> 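Let me begin by handing over the structure; questions about it come next.
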Amino acid sequence: MPYNFKEIEAKWLKIWEETGLYKTKENLQKKFYCLEMLPYPSGDIHMGHFRNYTIGDVVSRYKMMQGFDLLHPLGWDAFGLPAEEAAIKHKLNPKDWTLNNISVSRATLKKIGISYDWDKEIITCQPDYYKWNQWIFIKFFEKGLAYRAKALVNWCPKDKTVLANEQVEAGKCWRCGTEVTKKELEQWFFRITAYAERLLADLDKLNGWPENVKTMQRNWIGKSEGVEINFTLEKTGEKLSVFTTRPDTIYGVTFMSMAPEHSLLKSMEMEPKYKKEVESYIGKSVLKSDIERTATIGEKDGVFTGRYAINPLSGEKVALWVADYVLATYGTGIVMGVPAHDQRDFLFAKKYNLPIKIVIQPQGQKLNEKEMSEAYEDEGTMVNSGEFGGLSSSEGIKKVIDFVEKKKLGQKKVNYKLRDWLISRQRYWGTPIPMIDCPKCGIVPVPEKDLPVILPEGDIDYIPKGRSPLEDVKEFIETNCPKCKRKAKRDPDTMDTFVDSSWYHIRYIDNKNSKEIFDKKKVACWMPIDLYIGGITHATGHLLYFRFFTKFLHDMGYLKVDEPVTKLFNHGMVLDAQGEVMSKSKGNVVSPIDVINKVGVDTARLAMLFAAPSDKEMLWTEDGLTGTERFLNRVYRIGESLDKSVVDLKNKFDITTLSDSEAVTYRKLNQTIKKVTEDIEALQFNTAIAAMMEFINVLDGLDRNSPVYTYSAVNLALILAPFAPFMAEKLSEKWGLSKGSVFKAQWPSYDPDALKEEEITYVVQVNGRLRATLEAPVGLQDEELTRLALGSDKVKTYLKDKEIVKTIVVPNKLVNIVVK
RNA sequence: GCGAAAGUGGCGGAAUUGGGAGACGCGCUGGACUUAGGAUCCAGUCCCGCAAGGGGUGGGGGUUCGACUCCCCCCUUUCGCACCA
């Protein structure tokens with residue numbers, strides 16, 4: 001019979017709640033801030049959440065037993081599109097829908113018994129939270145880090161609506177299937193690029209972050225060092241600035257191309273014949289989706305403007321083209337075309353029969369324009385390059401930059417792929433942007449005393465119309481200018497929800513503060529986050545914004561730290577038994593509630609943790625429950641068979657006075673304590689559980705009347721506690737291991753003396769293959785081990801008629817006899 | 001295309017400063033206890049072979065006394081970036 005988990009769970013959930021076991025302490029001795037990524041309440045929680053939170057819960061409980069004061073909060077990322085979609089589809093209010101999902105999810109989490117301090121909960125769609133989004137926004141604005149600019153957004157011409165990137169499927173509107181186009185709107189941006197260098201450089205400080213996340217962030221930031229060189233437009237002498245990382249190829253320029261969006265194109269004079277073609281090309285390019293413009297590598301097109309540019313170094317005249325492989329948003333939006341040494345330029349030149357000029361020769365071979373089938377992009381020796389001829393590429397790069405700077409033809413420049421963060425959303429369900437547009441004073445921030453700007457509720461049409469639904473809510477939009485008191489309008493847009501999740505971890509610490517965003521002193525005690533657990537999907541989004549906010553608040557004097565997280569852990573995804581992602585539409589979502597009703601929380605936790613390493617994706621199958629269920633039943637039966645313990649936990653046994661089976665058990669116990677401790681630290685729970693299973697297999701072989709048996713069982717209950725908290729509480733109570741809760745007991749330390757072994761197994765190899773093993777005292781001398789090995793009958797048969805070439809001994813491990 | 005990670009029994013997975021491949025668990029086979037067993041316990045379970053023995057960590061080569069582990073080439077899978085001048 002399996003034990004009655006329902007009864008045990010109910011009992012301890014109540015006790016934990018009543019005694020406030022997880023309440024965050026005020027006076028800290030040693031702190032541990034354990035955090036899991038803020039969930040979006042889309043319904044009830046699923047197995048993926050369950051896995052994520054169980055990882056955090058194991059670590060939290062382990063740290064509690066090590067005497068740490070814990071902060072382990074959870075809240076809700078409550079703004080966002082799905083709430084509006086539900087509102088449109090089911091005629092529900094986004095707020096009611098969201099709050100209902102939160103209460104369902106919270107109830108599940110409570111039932112599962114994750115060690116959260118629910119007093120710390122935050123809900124981002126509530127005014128007491130988003131007020132501080134608005135406050136931060138104004139701080140950004142005051143520092144010049146929030147600004148308005150025109151930006152192209154996705155636009156569905158049929159629905160007449162702005163679409164989020166996620167609502168554009170293969171270039172088409174998700175709702176009506178119409179080809180999505182671009183529309184230019186005034187938008188708010190956060191100037192994250194001002195922090196690009198620090199965000200990049202400080203990655204080196206993040207020793208507790210996985211290398212792949214850091215690499216992804218480095219690539220995303222995309223630092224590139226080069227030089228801006230000013231070409232000029234023939235006849236008018238207008239400046240045509242280009243960015244290049246390869247100034248050593250400047251003599252190889254045979255054409256120039258500019259982005260269709262480039263502002264110069266609007267003012268530049270062109271002969272009517274060319275102007276018409278250029279305009280038609282621009283029109284086509286703008287209609288192209290991003291995918292079409294960027295995904296097709298190889299096919300490149302453009303049109304000639306009829307104008308020419310002058311190369312400031314060579315003085316040569318080259319054709320100026322418009323081509324949409326040139327991005328308006330990177331560098332200067334104009335590119336120098338060097339077909340011999342850039343593959344894109346090469347393809348472009350081939351297509352339009354533009355000249356190819358070799359200016360870099362590789363070592364040991366000679367390129368020839370007519371025979372080239374692709375560009376030579378590596379470094380080499382500069383040729384056909386005037387006074388720079390004969391220099392190596394690396395020298396040439398330096399020399400050309402020096403020359404350009406001296407002659408004031410341009411300057412060194414660092415470019416980043418990272419763009420400023422567009423935060424405006426033409427949506428209802430988000431934080432109102434706290435700005436007022438006054439016809440006289442311009443854009444004016446809402447004074448701090450008037451915050452929060454409350455999101456209006458009631459009869460609002462959520463269906464997007466290409467502008468924010470708030471624009472039609474008169475009571476909201478119409479206001480007075482804080483400066484001149486005249487009639488003015490509020491900003492109708494709301495903020496990207498990534499703003500909410502960029503600083504929530506700090507608000508947890510002081511979530512009830514109505515006077516300021518948080519108390520600096522309290523925050524200084526708890527920050528940084530010691531362990532942050534979440535999915536890899538946020539590597540370049542949330543985790544970058546979150547670092548950006550931390551640095552900003554640091555610069556403002558609100559935070560001591562300038563990085564939010566010491567150790568980052570990315571858990572793997574949970575897939576169904578067929579290896580498919582669980583999703584509502586597929587109908588394959590497994591609810592943790594169903595599982596725990598069947599087998600109990602502890603079994604479900606163990607099965608989840610045992611099935612795969614926590615950082616790898618796992619297939620969820622109920623088959624995995626059987627093994628852990630049996631294991632817990634065995635533990636429970638040990639509990640049944642042993643009465644109130646009289647074991648002194650501080651006691652250590654002297655292994656030399658124990659019987660053989662006692663010594664084996666005692667040694668294994670201490671090895672297990674060591675292994676489990678190390679594995680929890682490394683977040684390798686599957687091997688920790690395997691170690692405990694191994695141990696119970698050994699323990700079962702020991703006489704129950706031995707004091708070592710009781711001692712071992714008690715210690716097993718303690719190291720099992722973070723994994724199977726209910727079972728551990730049950731045993732702890734029976735055996736009187738601590739007052740009130742097993743999580744107030746001390747985490748066991750292993751006895752180093754017990755780990756020492758006097759007899760060990762030596763491996764004997766002949767030509768590197770295992771041929772025998774020897775039981776012998778630890779610390780055998782090389783010669784002695786060799787002598788024993790050669791003396792073994794088994795080994796002798798392999799040495800027959802062979803000549804021993806040499807022997808290799810690895811102390812306390814093996815001897816390898818090499819024969820011929 | 002570029003970058004990163006990975007590939008081990010029927011299955012999930014252990015083991016890497018180079019030293020006993022397959023820990024632990026599932027499943028399966030046989031047995032014990034049973035009126036019964038989807039409970040529990042015992043034994044077995046990488047492959048070929050009656051055995052002795054041989055082979056074996058995606059494939060091929062290499063370094064080494066010795067390679068799942070290190071190096072080179074190839075194949076497959078997953079993820080990230082996708083014209084960044």
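Lettering of chains follows the sequences in order, A, B, ..., and the numbering in each one begins at 1. From a predicted model like this one, the values you see are computed outputs, not experimental measurements.
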> So, does A:Tyr636 get its side chain near the phosphate of B:A39, meaning an N or O under 4.0 Å from OP1 or OP2?
no

> With a 4.0 Å limit, can you tell me whether A:Ser224 has a side-chain N or O closer than that to the phosphate oxygens OP1/OP2 of B:A85?
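Answer yes for this pair, as a side-chain N or O of A:Ser224 is under 4.0 Å from OP1 or OP2.
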
> Paired with B:A52: which nucleotide, if any, by Watson-Crick or G-U wobble criteria at under 3.5 Å for both distances?
none

> Is the closest basic N to carboxylate O distance between A:Lys668 and A:Glu694 below 4.0 Å?
yes

> If I pick the P atom on B:G58 and the same atom on B:A51, what distance separates them, to the nearest angstrom?
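Going atom to atom, P in each nucleotide, I get 27 Å.
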
> Output yes when A:Lys674 and A:Glu678 qualify as a salt bridge under the 4.0 Å nitrogen-oxygen rule, no when they do not.
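Looking at A:Lys674 and A:Glu678, the cut-off is met.
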
> Could you state the atom-to-atom distance from CZ of A:Arg634 to P of B:U40 in whole Å?
10 Å

> Contact between A:Pro247 and A:Lys398 at the side-chain level, heavy atoms closer than 4.5 Å - yes or no?
no

> For the residue pair A:Tyr636 and A:Tyr3, does the interplanar ring angle fall in the parallel (under 30°), tilted (30 to 60°) or perpendicular (over 60°) class?
parallel

> As a test of reading the structure: which of B:A82, B:G27, B:C65 is closest to the side chain of A:Thr626, going by heavy atoms?
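Nearest listed nucleotide: B:G27.
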
> Measure the distance from CE on A:Met692 to P on B:G25 and round it to the nearest whole Å.
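Distance check: A:Met692 CE to B:G25 P gives 13 Å.
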
> Using purine N1 to pyrimidine N3 plus N6-O4 or O6-N4 for Watson-Crick, or N1-O2 and O6-N3 for G-U wobble, each under 3.5 Å, what pairs with B:U78?
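Looking at the geometry, B:U78 pairs with B:A4.
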
> Distance check, P atoms only: B:U8 and B:G13, in whole angstrom units.
9 Å

> Tell me which of A:Gly333 and A:Thr628 sits closer to the 5' end of RNA chain B, going by the nucleotide each one is nearest to.
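Of the two residues, A:Thr628 wins.
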
> Using the P atom as the reference point in each nucleotide, state the distance between B:A23 and B:C71 in Å, no decimals.
28 Å

> With syn defined as a glycosidic torsion within 90 degrees of 0 and anti otherwise, which applies to B:G22?
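Anti for B:G22; the angle lies over 90° from 0.
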
> Between B:A85 atom C1' and A:Tyr330 atom OH, what is the distance in whole Å?
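A:Tyr330 atom OH is separated from B:A85 atom C1' by 7 Å.
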
> Quantified in whole Å, what is the P atom distance between nucleotide B:G31 and nucleotide B:C68?
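These two P atoms come out 38 Å apart once rounded.
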
> Using purine N1 to pyrimidine N3 plus N6-O4 or O6-N4 for Watson-Crick, or N1-O2 and O6-N3 for G-U wobble, both under 3.5 Å, which nucleotide pairs with B:C24?
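Result: B:G12.
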
> Should B:U57 form a Watson-Crick or G-U wobble pair with both distances under 3.5 Å, which nucleotide is its partner?
none

> Base, sugar-phosphate, or nothing for A:Phe695, non-hydrogen atoms under 4.0 angstrom?
nothing

> Which whole-number value in Å describes the distance from A:Leu606 CG to B:G25 P?
13 Å

> For atom C1', what is the distance between B:C24 and B:A6, given to the nearest Å?
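My reading of the C1' atoms in B:C24 and B:A6 gives 22 Å.
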
> So what's B:U40 paired with, Watson-Crick or G-U wobble, going by both distances under 3.5 Å?
B:A32

> Using the P atom on both, measure B:U16 against B:G80 and round to a whole Å.
29 Å

> Using a distance-only test with no angle check, is there a side-chain donor-acceptor pair under 3.5 angstrom linking A:Glu775 and A:Thr761?
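Indeed, the side chains of A:Glu775 and A:Thr761 share at least one donor-acceptor pair under 3.5 Å.
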
> Grab the CG-P distance between A:Leu609 and B:G25 for me, whole Å please.
17 Å

> In whole angstrom, give me the gap between the C1' atoms of B:U45 and B:G10.
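So the two C1' atoms sit 11 Å from each other.
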
> If I take atom CG from residue A:Asn670 and atom OG1 from residue A:Thr665, how far apart are they, to the nearest 0.5 angstrom?
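So the gap between those two atoms works out to 11.0 Å.
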
> May I ask you to check whether A:Arg419 and A:Thr329 show a side-chain donor-acceptor distance below 3.5 Å?
yes

> If you only use heavy atoms from C-beta on, which nucleotide in B:C41, B:C24, B:G55 is closest to the side chain of A:Arg769?
B:G55

> Residues of residues 412-421 of chain A with any non-hydrogen atom less than 4.0 angstrom from an atom of RNA chain B: list those, numerically ordered, please.
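Residues of residues 412-421 of chain A under 4.0 Å from RNA chain B: A:Lys417, A:Arg419.
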
> Using whole Å, what does the distance between atom P of nucleotide B:C79 and atom CD1 of A:Ile536 come to?
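Rounding to the nearest Å, CD1 of A:Ile536 and P of B:C79 are 13 Å apart.
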
> Can A:Lys300 be said to sit on top of A:Tyr325's aromatic six-ring, NZ or CZ under 6.0 Å from centre and within 45° of the ring axis?
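Satisfied, under 6.0 Å and within 45°.
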
> Summarise protein proximity over nucleotides 4-23 of chain B in one line of letters, 5' to 3': B for base, S for sugar-phosphate only, - for none, counting protein heavy atoms closer than 4.0 Å.
--------BSS----BB--B

> Between the side chains of A:Asn230 and A:Ser241, does any donor sit under 3.5 Å from an acceptor?
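Present: a donor and an acceptor within the cut-off.
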
> In whole angstrom, give the distance that lies between atom CG of A:Asp623 and atom C1' of B:C28.
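Whole-Å distance recorded here is 13 Å.
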
> If we take the P atom in both B:G56 and B:G9, what is their distance in whole Å?
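Taking atom P in both B:G56 and B:G9, they lie 15 Å apart.
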
> Assign the ring pair A:Trp421 / A:Tyr545 to parallel, tilted or perpendicular, where the plane angle (0 to 90°) is split at 30° and 60°.
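Ring orientation of A:Trp421 relative to A:Tyr545: parallel.
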
> Rounded to the Å, how far apart are A:Ile397 CD1 and B:A85 C1'?
13 Å

> If we count only N and O atoms by modelled type, under 3.5 Å, do the side chains of A:Arg634 and A:Asn697 hold a donor and an acceptor together?
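Per modelled atom types, A:Arg634 and A:Asn697 side chains form a pair under 3.5 Å.
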
> Is A:Glu211 salt-bridged to A:Lys214, going by a charged N under 4.0 Å from an acidic O?
yes

> For B:C84, does either OP1 or OP2 sit under 4.0 Å from a side-chain N or O belonging to A:Arg344?
yes

> Taking 4.0 Å as the cut-off, does a side-chain nitrogen or oxygen of A:Arg630 come that near to OP1 or OP2 on B:C26?
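It does, given that an N or O in the side chain of A:Arg630 lies less than 4.0 Å from OP1 or OP2 of B:C26.
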
> Would you mind pulling out the nucleotide paired to B:G66, Watson-Crick or G-U wobble, both distances under 3.5 Å?
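Check on B:G66: unpaired, no WC or wobble geometry under 3.5 Å.
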
